[in-house]
Protein chains: 2
Amino acid sequence: MPLMNDVKWVDTLSFRLGVLGALVADRYAADLTAHDLKPKHVGLLSALDVAPGASQLEIAKLMRVAPSLVVTLADHLESTGAVERLRDPADRRRQLLYLTDRGRELLAWCTDRALVLDAELTAGLTPDQAAALGAAFDRLAAAHGLPVRGRTRRDPT
Amino acid sequence: MPLMNDVKWVDTLSFRLGVLGALVADRYAADLTAHDLKPKHVGLLSALDVAPGASQLEIAKLMRVAPSLVVTLADHLESTGAVERLRDPADRRRQLLYLTDRGRELLAWCTDRALVLDAELTAGLTPDQAAALGAAFDRLAAAHGLPVRGRTRRDPT
DNA sequence: TATGAATCGTTCAGGGTTAGAACGGTTCTG
DNA sequence: CAGAACCGTTCTAACCCTGAACGATTCATA
């Protein structure tokens with residue numbers, strides 16, 4: 001439970017953002033253990049939902065992690081039947097990843113848990129305050145090149 | 001650079017909060033390398049600013065980390081002359097930690113960097129939007145027992 | 001006052017997570 | 001056809017942190 005600390009702390013948005021981000025990340029990670037998943041697994045499932053049939057290297061770039069980590073993540077998800085690996089017939093070096101029905105179920109569950117967490121998180125906020133927060137996040141994400149919503153198309157097939 | 005990923009991602013506040021939190025944490029950590037510091041070091045400096053002369057165990061509880069980690073952090077900060085260790089004369093088991101002048105300088109620098117980061121972060125927001133964001137963070141932190149502002153007094157001397 | 005329990009700081013070993021090097025198999029280039 | 005480039009995999013190593021074990025000190029209590 002790396003929550004940084006709970007001292008007065010430097011009185012900045014950045015710190016509070018970091019602390020709160022770590023808080024929700026921890027809580028979500030705790031939820032995920034129920035299905036033997038870690039946040040990165042959800043990242044992979046989510047990436048495949050957006051880009052079905054992506055190769056492992058594409059996923060690695062999308063997730064900004066090392067390709068070798070994608071191997072581990074995909075291994076686990078494949079072993080539990082959440083994703084399928086198919087050799088690209090056109091380029092037999094590439095492993096194309098697809099969500100199975102089980103994988104889609106799992107992703108739906110993960111999304112649901114995130115929504116529950118959202119509800120908890122914003123319990124102390126009025127609906128319009130929560131909406132304003134969401135809008136601010138959108139602007140922040142957009143301003144920093146994080147395509148939180150919408151696709152990042154960089155690989156025209 | 002663990003930024004989770006940059007896919008569409010599940011469309012929740014929680015995720016955007018986690019992603020943005022990781023983003024600012026990473027950027028700040030990168031800033032800190034200029035002085036050979038890590039975020040936890042800043043946590044320790046900041047804790048000492050609030051509670052000068054605290055023992056290492058008190059710091060550990062405040063920061064919610066293992067006491068053994070405080071040893072490492074204090075070792076490093078002591079070696080660079082940012083903090084001082086003084087045996088408590090009344091209880092010679094305790095090591096009392098104090099900021100040195102150098103430590104206060106360092107903390108001021110860290111705070112300054114955080115403010116710069118804040119400015120970058122909120123560059124895309126109008127001042128009242130930024131203020132609303134800060135207020136929302138306050139409410140969120142308060143609702144989740146994170147004393148982001150104000151002391152946590154639990155050790156009446 | 002004596003003695004065992006508790007406390008503080010320290011060291012050390014280990015777990016968890018991740019990146020990077022190395023390699024086999026495949027495809028591309030010329 | 002030969003060598004370069006590329007993909008996925010394995011393995012090693014680094015990093016960060018916790019928990020166990022231990023010496024030194026203090027407390028409790030008989």
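Throughout, protein chains are lettered first and strands after them, A, B, ... in sequence-line order, and every chain is numbered starting at 1. Predicted model only: the values in this text are computed from it and were never measured.
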Practice item. Would you check if the side chain of B/Ser46 reaches a backbone N or O of B/Val42 as a donor-acceptor pair within less than 3.5 Å? Key: no
Exercise for review: For the side chain of A/Val65, starting at C-beta, report the closest nucleotide among C/dA19, C/dC12, C/dT26.
Suggested key: C/dA19
Review point. Does B/Arg85 have a side-chain nitrogen or oxygen under 4.0 Å from the phosphate oxygens OP1 or OP2 of C/dT10?
Key: yes
Write out a two-atom table: protein N or O, nucleotide N or O from nucleotides 15-17 of chain C, distance below 3.5 Å.
unit_1 : atom_1 : unit_2  : atom_2 : d
C/dT17 : OP2    : A/Lys38 : NZ     : 2.7

Check your understanding: Salt bridge or not for B/Arg16 and A/Asp138, using N-O below 4.0 Å?
Key -> yes
Review point. Is the B/Phe137 ring parallel, tilted or perpendicular to the A/Phe137 ring (thresholds 30°, 60°)?
Key: tilted
**Study point:** Test item: B/Phe15 and A/Asp118 side chains (from C-beta on) under 4.5 Å apart, heavy atoms
**Key:** no
Find every protein N or O atom lying less than 3.5 Å from an N or O atom of nucleotides 5-7 of chain D, and list the pairs.
unit_1 : atom_1 : unit_2  : atom_2 : d
D/dC6  : O4'    : A/Arg93 : NH1    : 3.4
D/dC6  : O2     : A/Arg93 : NH1    : 2.8

Practice item. Enumerate the residue pairs fulfilling ring pair (Phe, Tyr, Trp, His ring centres under 6.0 Å) with a member in residues 44-63 of chain B, sequence neighbours excluded, ordered by first and then second residue. Key: none
Exercise for review: Give, ordered by number, those residues of residues 73-83 of chain A having at least one heavy-atom distance below 4.0 Å to an atom of DNA chain C; if nothing qualifies, reply none.
Suggested key: none
Check your understanding: When Ile, Leu, Val, Met, Phe, Trp and Tyr are grouped by side-chain heavy atoms lying under 4.5 Å apart, directly or through other members, which residues fall in the same group as A/Tyr98?
Key -> A/Leu86, A/Leu96
**Study point:** Contacts of A/Arg102 that satisfy salt bridge (charged side-chain N to carboxylate O under 4.0 Å, His left out) - sequence neighbours left out
**Key:** A/Glu105
Review point. Hey, are A/Arg85 and A/Gln56 close enough side-chain-wise for a donor-acceptor pair under 3.5 Å?
Key: yes
Practice item. Calculate the interatomic distance between A/Leu97 atom CG and D/dG8 atom C1'; express it in whole Å. Key: 11 Å
Exercise for review: Could you tell me the separation between the CD1 atom of A/Ile59 and the P atom of C/dT18, rounded to a whole number of Å?
Suggested key: 16 Å
Practice item. Could you say whether A/Ala90 or B/Pro67 is positioned toward the 5' end of DNA chain C, judged by the nucleotide with the nearest heavy atom to each? Key: B/Pro67
Check your understanding: If you round to the nearest 0.5 Å, how far is CG of A/Leu99 from CG of A/Leu48?
Key -> 5.0 Å
Review point. So which one's nearest nucleotide on DNA chain C is more toward 5', B/Ser68 or A/Arg92?
Key: B/Ser68
Practice item. For the residue pair B/Leu77 and B/Leu37, establish whether any side-chain heavy-atom pair is separated by less than 4.5 Å. Key: yes
Review point. Using 30° and 60° as the class limits, which term best fits the ring planes of B/His35 and B/Trp109: parallel, tilted or perpendicular?
Key: perpendicular
Practice item. Please state how far atom CG in B/Leu37 lies from atom P in D/dC16, giving the value in whole angstrom units. Key: 13 Å
